[in-house]
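What follows is a short report on a single structure.
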Amino acid sequence: IAIGDLKVSDVNKFLRTVKSKKRPASTRERPAPKRVRKIAKRDFVAEDLSLSTKRLIRKVLAMALDHAISEDRLSENVARKAKLPKTNEDNTKIPIYFTIDEAKQFLAAAQGDRLYAAWVLQLHHGLRPGETRALAWSDIDTKNRILHVLHGQQRIVGKLIPRGKTKNKWSVRDIPIAQAVIDILAEHKRQQDTERAKFEDSSAWRKHDLIFTNQEGAPVRPETYLRSFNKIRDKAKLSDEATPHTLRHTCITLMVERGQTPLLQIAKLHGHKDLTMLTKVYAHLGKDVVTGQESVLSDLLPPSEPISVS
């Protein structure tokens with residue numbers, strides 16, 4: 001790549017994939033003194049670099065690009081905008097998540113998408129993609145504003161199970177749901193009812209009474225869900241590393257960062273047994289204890305009048 005064509009994404013990819021090369025340690029015993037022995041040649045192997053080493057690499061690269069800018073060979077220092085690979089010091093992978101501005105960008109790009117309500121649910125309440133696709137209208141208690149997470153979409157031996165088991169027994173949970181989200185779901189149901197009225201045989205809709213279906217009432221398949229997400233992500237010009245799980249990670253991350261909800265409550269709301277996973281995966285946030293509840297992303301959606309989902 002010519003230095004003038006260097007982009008932030010190029011540096012990001014480099015930092016993500018760069019490895020060191022070293023000879024593997026020999027398992028053979030050291031030869032006895034004064035004994036000449038030929039050691040077999042060993043190939044180099046690639047090893048991941050530590051986060052601190054990659055941080056140093058980015059710093060040195062940024063200094064070099066500063067020099068290139070001084071010589072008018074580059075217009076901006078893309079290395080200073082590059083993000084370090086998402087790993088904690090113990091090499092636990094840090095999940096990709098959106099900033100609050102990126103979350104707004106995503107929702108703005110998702111306007112008009114038939115799965116818009118699904119993206120809102122994931123982003124506001126941290127549901128897993130499979131849990132979202134498995135939701136039925138009966139899982140929503142609009143009077144008490146509670147969402148019952150009882151199932152997860154599964155694929156067993158190639159067969160899609162629309163309302164299968166959740167990831168684990170702790171994933172079965174009740175989540176306080178924001179009124180703004182209920183209103184969006186109500187609009188989604190009106191659109192679904194319009195689609196449903198076009199079919200003389202609506203048995204596909206009646207079979208599972210799913211909230212999210214295709215235009216014929218069948219369950220949304222994982223690959224369709226991913227394709228729709230990728231289209232919105234690219235439209236919003238967000239990281240191509242983001243997946244539907246990114247919305248869940250964004251919700252959890254922002255809840256921890258805002259410090260309005262106890263960590264144990266955050267863990268329970270998102271289907272974890274205890275704090276083990278939360279503190280391990282989200283250790284990069286540096287939070288110990290945090291206190292509140294409900295949706296931490298309420299400022300992403302405009303306030304609206306209460307609407308019942310019937």
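Since the model is a prediction, treat every value here as computed from it, not as a measurement. What's counted below: heavy atoms across the whole structure, side chains too, no hydrogens, waters or symmetry copies.
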Assess, by modelled atom type and distance only, whether the side chains of Q179 and D183 contain a donor and an acceptor separated by less than 3.5 Å. yes
Rounded at 0.5 Å granularity, tell me how far OG1 in T250 sits from CD in E102. 8.0 Å
Of all heavy-atom pairs between L160 and P162, which one has the smallest distance, and what is that distance? O-CD, 3.4 Å
Does H151 reach the main-chain N or O of G164 with its side chain, forming a donor-acceptor pair under 3.5 Å? yes
How far does OH of Y97 sit from CG of L254, to the nearest 0.5 angstrom? 8.5 Å
In short, W119 meets S228 closest at the heavy-atom pair CZ2-OG, 3.6 Å
I'd like to know if the side chain of Q191 reaches the main chain of R114, judged simply by a donor and an acceptor atom lying under 3.5 Å from each other, with no hydrogens or angles considered. no
Hey, does R133 have a side-chain heavy atom less than 4.5 Å from the side chain of P219? no
To the nearest 0.5 Å, what is the distance between NZ (K231) and CG (L226)? 13.5 Å
Rounded distance (nearest 0.5 Å) linking atom CD of Q105 with atom NZ of K237: 9.5 Å
If every non-hydrogen atom of P176 is compared with every non-hydrogen atom of H125, which pair is closest and at what distance? O-CE1, 3.3 Å
Please tell me whether Y116 and F106 are part of a single hydrophobic cluster in this structure, the criterion being side-chain heavy atoms less than 4.5 Å apart. yes
At what distance, to the nearest 0.5 angstrom, does CG of L150 lie from OG1 of T166? 8.5 Å
If every non-hydrogen atom of R155 is compared with every non-hydrogen atom of R221, which pair is closest and at what distance? NH2-NH2, 3.3 Å
pair P129-Q122: side-chain heavy atoms closer than 4.5 Å: yes
Would you say that T246 contacts L238 through its side chain, given a criterion of any heavy-atom pair below 4.5 Å between the two side chains? no
Do R80 and L65 make a side-chain contact, defined as non-hydrogen atoms from C-beta onward lying under 4.5 Å apart? no
Check for a donor-acceptor pair, side chain of Q192 on one end and backbone N or O of I211 on the other, with a separation under 3.5 Å. yes
When rounded to the nearest 0.5 Å, the distance separating CD1 of I177 from CG of N144 is 12.5 Å
Stepwise, does the side-chain contact (heavy atoms from CB on, under 4.5 Å) test hold for L147 with L127? CA-CA 10 Å; L147 179 65; L127 271 67; 3.9 Å; yes
Hey, mind stepping through I140 and L185 against side-chain contact (heavy atoms from CB on, under 4.5 Å) and telling me if it holds? CA-CA 10 Å; I140 301 177; L185 285 168; 3.5 Å; yes
What class does the angle between the rings of W137 and H188 fall in, given that below 30° is parallel, 30 to 60° is tilted and above 60° is perpendicular? tilted
Just do the side-chain contact (heavy atoms from CB on, under 4.5 Å) check on F229 and L247 with the steps written out, would you? CA-CA 10 Å; F229 175 88; L247 302 180; 4.0 Å; yes
Can you find a heavy atom in the side chain of R173 that is under 4.5 Å from one in the side chain of K268? no
Give the minimum heavy-atom separation between I96 and A242, together with the two atoms involved. CG2-CA, 4.2 Å
Return yes if a side-chain donor-acceptor contact under 3.5 Å exists between T224 and N214, otherwise no. no
Single-linkage hydrophobic cluster W170~I175, side-chain heavy atoms < 4.5 angstrom: no
With a 3.5 Å distance limit and no angle check, can you tell me whether S70 reaches the backbone of H67 through a side-chain donor-acceptor pair? yes
Flag, side chain of N77 to backbone of A62, donor-acceptor distance under 3.5 Å: yes
Checking R128 against V149 for the side-chain contact (heavy atoms from CB on, under 4.5 Å) test, could you report, in this order, the C-alpha distance in whole Å, the side-chain angles of both residues, the deciding distance, and whether it holds? CA-CA 10 Å; R128 297 180 177 95; V149 181; over 6 Å; no
Heavy-atom closest contact (A118 atom, T132 atom, distance): CB-CG2, 3.8 Å
Distance-only donor-acceptor check, side chains N230 and R227, under 3.5 Å: no
With a 4.0 Å cut-off, would you call R163 and D139 a salt bridge? yes
